[in-house]
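All values below were derived from every heavy atom in this structure, side-chain atoms included, with hydrogens, water molecules and symmetry-related copies excluded. All values reported here derive from a predicted model rather than from experimental measurement. Order of the sequence lines fixes the chain letters, A, B, ..., with proteins taken first and strands second; residue numbering starts at 1 for each chain.
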2 protein chains.
Amino acid sequence: MAGKNERSSSITNVAALANVSIATVSRVLSGKRGKNDDIARRVRAAAEQLNYSVNYAASSLRSDVTNSIGLVIPSATESFSAQLLDELEYAIDADAQQLLIGIGADRSAQTDRIESLLSRHVDGLIVVPGTETDLTETLDRHADSLPIVQIGGHQQSFKTSMVSIDESASMELIMRHLVERGSHAVAYMAGKEVSFESAELFTMFHTQVRSYRLVSHTDWNQFGERTVQRGYDCSMRLFSKDNRPDALVCADDAVAFGAMVALHTLGLRVPEDVRIVGFDDSPLAATTMPTLTSVHPPFEQIVSESLRLIASETGMPAHISLPPQLMIRESTGYAKV
Amino acid sequence: MAGKNERSSSITNVAALANVSIATVSRVLSGKRGKNDDIARRVRAAAEQLNYSVNYAASSLRSDVTNSIGLVIPSATESFSAQLLDELEYAIDADAQQLLIGIGADRSAQTDRIESLLSRHVDGLIVVPGTETDLTETLDRHADSLPIVQIGGHQQSFKTSMVSIDESASMELIMRHLVERGSHAVAYMAGKEVSFESAELFTMFHTQVRSYRLVSHTDWNQFGERTVQRGYDCSMRLFSKDNRPDALVCADDAVAFGAMVALHTLGLRVPEDVRIVGFDDSPLAATTMPTLTSVHPPFEQIVSESLRLIASETGMPAHISLPPQLMIRESTGYAKV
DNA sequence: GTGAAAGCGCTAACAA
DNA sequence: TTGTTAGCGCTTTCAC
């Protein structure tokens, strides 16, 4: 397994074969040359024939451009990060850019990965902060040496760019949908209170409840863990009372899933007796029984906006908020009206 | 966002500050120098003070070592790949190595990513082939330019290394466990017939059935999709008959999950009436109700063996088969005896 | 538009 | 053990 026997062909070989200078080869291959004349064709043919590909080490040593992007996520087993990673890798033109990945759940681990990516001189950095992780200090410190895009979380800095999901729009979508389906009494199992998104969603939930004149009680709406267990436990408590909601909004698909199991146990039907909506549209959502209506983060746009911000020449950090899509499935049933 | 204003300090600055030559700095910092005397300390202090970190582009241009390894997986939303990625990233010393990732589901996409990683001169390549994807030709072609480790799949080549899960051991574990719990009649929902692992597991299942003198019928044991739907449909058919198994082995947690929903619908209890075992120990398994007993791939060992093979100096490709662990949870109940 | 040549930061060969 | 120096492959002046 030692290897690297035959050195792969370099720009010099191509130049020799095409009978031009290495400078010309460089210009043709990097597109910094207008014409597509005989010389250009000869160079390309020679490169093809020798199976040439640039040595990125040499290229970036000289030009300070590494053709690589760093991505830092809390974990690949978390559905949001995993879907984002898939989408990002897909969107990147693999011939021209390479994705370097760093995984870390807490501040210290994430900071390590960021520093390490930075020392590799990535051209841009995309960061999904872990829950309750504030990376502002680290990111700000490097904000003027490369473009940084933060995905979600609470933006505390105007030195880095940010792409996030419009949480208010999410809640509007959900509540309008539930009302259209005929729901009157809605409960909300929110995420952790400390999270910025949770707070925003919670506020918007109440705004919507008032605006549609829905029924909701203080003890129906609580912050908590984003786990199956929490959904189950809270639902067992919530739905065994007489005075119970006919719709449930969950801050996470896992919570919704736990709720569905609890409802099944209690003999309540989804969606006939209770409609359920989840968040993040994990792969789970499409496979539960009944399938789960869930808020689908706009991964494609998140990725394209992030890449655009990284490629952008203007040094201006931008804050972009993207509307999600509601994936309507069986758990909110079909129209009642 | 333009940036790269101040050029970061180079080895020359460190050398000047420590009052030694750049060669000495290089040697000290790369550990190619035994002593930890005054000079070494001075160099390290200077590097620290200047917040120096090596320029990997320059380093690898000169030495052909990029301190990076490539990982190619079918998708980050698939539980096996996601867990492997998390584990691998964790195992890598982020200061010294960087993980480059390529994602592609089919042969053409995976080959693209492999070629692209190769053109970046990664020091080693770890590949998880997509289902039914044979990468032998591509991998063999590059086998002598760098160490390549294939994870799982059917090894057709002896030019590259391979780390896989001992499927026979998996099935042995499962069957022994089920017998110990008091099961007599076992059904098996296998994966796709074309997959090498499926075939091996299917054979071993029958061997174990015979060896423990268990009851099983031909129409209980079928190949099929690894989906919730398949688990549900097959179980509805299988368990509505009088003559039904008291244990079910599923080639995938999703299948097991579908089966559990079906059993619930049919009024059969897990584990009292039917014991269920899944495969791959997805995050799902620990959260179903009841929680699902599942075969846990030995991620930690897979990663450490893979890294060892990549680092190994011997050019010998090795084939390693690692025993998995059975995560015993509620779906197979507690001892009966 | 093209070629010659400098030099990015580092490591390794060689010299002391 | 240390320092001096060549040169990895490329991009980018600079001169033509």
Colleague: Just how far, in rounded Å, is P of D/dG7 from CG of A/L61?
Modeller: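 So the two atoms are 17 Å apart, to the nearest Å.
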Colleague: Checking B/F299 now: which residues fulfil ring pair (Phe, Tyr, Trp, His ring centres under 6.0 Å) with it, not counting sequence neighbours?
Modeller: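 Expected list: B/F80, B/H296.
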Colleague: Excluding sequence neighbours, so at least two apart, what forms side chain to side chain donor-acceptor pair (under 3.5 Å) with B/Q301?
Modeller: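 Per chain and number, B/Q301 pairs via side chain to side chain donor-acceptor pair (under 3.5 Å) with no residue.
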Colleague: Could you check whether A/F158 and A/H319 have their ring centres less than 6.0 Å apart?
Modeller: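 Yes, they do, as the ring centres are separated by less than 6.0 Å.
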Colleague: What nucleotide among D/dC10, D/dT1, D/dT5 has an atom nearest to a side-chain atom of A/I22?
Modeller: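 Closest of the options to the side chain of A/I22: D/dC10.
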Colleague: When you check the side-chain N and O atoms of B/S108 and B/T111, is any donor under 3.5 Å from an acceptor?
Modeller: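 The criterion, which ignores hydrogens and geometry beyond distance, is not satisfied for B/T111 and B/S108.
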Colleague: Do any N or O atoms of the protein come closer than 3.5 Å to N or O atoms of nucleotides 13-16 of chain C, and which pairs are they?
Modeller:
none

Colleague: By the definition side chain to side chain contact (heavy atoms under 4.5 Å, CB included), identify the one residue from B/L139, B/I151, B/V149, B/I73 that meets it with B/V127.
Modeller: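 The side chain to side chain contact (heavy atoms under 4.5 Å, CB included) with B/V127 is passed solely by B/L139 among B/L139, B/I151, B/V149, B/I73.
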Colleague: For C/dA12, does OP1 or OP2 lie under 4.0 Å from any side-chain N or O of B/K32?
Modeller: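 Yes.
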Colleague: Is there a side-chain contact between B/S26 and the phosphate of C/dC10, meaning an N or O under 4.0 Å from OP1 or OP2?
Modeller: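 So the side chain of B/S26 is outside the cut-off, no N or O lying under 4.0 Å from OP1 or OP2 of C/dC10.
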Colleague: Which residue pairs pass the salt bridge (Lys or Arg N to Asp or Glu O under 4.0 Å) test with at least one member in residues 101-117 of chain A, sequence neighbours excluded?
Modeller: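 Only A/R113-B/E89, A/E115-A/R141 qualify under salt bridge (Lys or Arg N to Asp or Glu O under 4.0 Å).
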Colleague: Can you find a side-chain donor-acceptor pair between A/S81 and A/E78 that sits under 3.5 Å?
Modeller: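 Yes.
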Colleague: Which heavy atom of A/Q110 sits nearest a heavy atom of A/V128, and at what distance?
Modeller: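 So the minimum-distance heavy-atom pair works out to NE2-O, 3.1 Å.
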Colleague: Which comes earlier along DNA chain D counting from the 5' end, the contact point of B/D37 or that of A/T12, where each point is its nearest nucleotide?
Modeller: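 Result of the comparison: B/D37.
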Colleague: Under 4.0 Å, heavy atom to any atom of DNA chain C: which of residues 46-55 of chain B qualify?
Modeller: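 Correct list: B/Y52, B/V54, B/N55.
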Colleague: Can you check the B/D64 CG to C/dC10 P distance for me, whole Å?
Modeller: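 Result: 17 Å.
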Colleague: Might you confirm whether atom CD of B/E300 has over 12 heavy atoms from other residues, nucleotides or ligands at distances under 6.0 Å?
Modeller: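 At most 12 heavy atoms, drawn from other residues, nucleotides or ligands, come within 6.0 Å of this atom.
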Colleague: Can you tell me the distance, in whole Å, between the CD1 atom of B/I11 and the C1' atom of D/dC8?
Modeller: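 Going from CD1 in B/I11 over to C1' in D/dC8 covers 15 Å.
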Colleague: With a 4.0 Å limit, can you tell me whether B/S59 has a side-chain N or O closer than that to the phosphate oxygens OP1/OP2 of C/dG9?
Modeller: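 No, outside the criterion.
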Colleague: When you measure from the side chain of A/S9 to the backbone of A/L50, do you find a donor-acceptor pair of N or O atoms at a distance under 3.5 Å?
Modeller: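 Answer holds: yes.
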Colleague: Return the value, rounded to whole Å, for the distance between atom CG of B/L29 and atom P of D/dT2.
Modeller: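 B/L29 atom CG is separated from D/dT2 atom P by 14 Å.
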Colleague: Are a donor atom and an acceptor atom from the side chains of A/S116 and A/S119 found within less than 3.5 Å of each other?
Modeller: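 A/S119 and A/S116 do not have a side-chain donor-acceptor pair below 3.5 Å.
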Colleague: For the helix from C/dG1-D/dC16 to C/dA16-D/dT1, what angle separates the axis at the start from the axis at the finish, each from five pairs, in steps of 10°?
Modeller: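 Result, rounded to 10 degrees: 40°.
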Colleague: Taking CZ from B/R120 and P from D/dG9, how many angstroms apart are they, rounded to a whole number?
Modeller: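 Interatomic distance, CZ of B/R120 to P of D/dG9: 17 Å.
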Colleague: With a 4.0 Å cut-off on heavy atoms, is A/I39 in touch with a base, just the backbone sugar-phosphate, or nothing at all?
Modeller: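 The answer is sugar-phosphate, as A/I39 gets under 4.0 Å only of primed atoms, P, OP1 or OP2.
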Colleague: What integer distance in Å separates B/N19:CG from D/dT1:P?
Modeller: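 One finds 20 Å between P of D/dT1 and CG of B/N19, rounded.
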Colleague: Look at the side chain of A/D86 and the backbone N and O of B/A76, then say whether any donor-acceptor pair between them is shorter than 3.5 Å.
Modeller: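 Such a contact is found between A/D86 side chain and B/A76 backbone.
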Colleague: Measure from CG on B/N67 to C1' on C/dT11 and round the result to the nearest Å.
Modeller: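 For the pair B/N67 CG and C/dT11 C1', the rounded distance is 13 Å.
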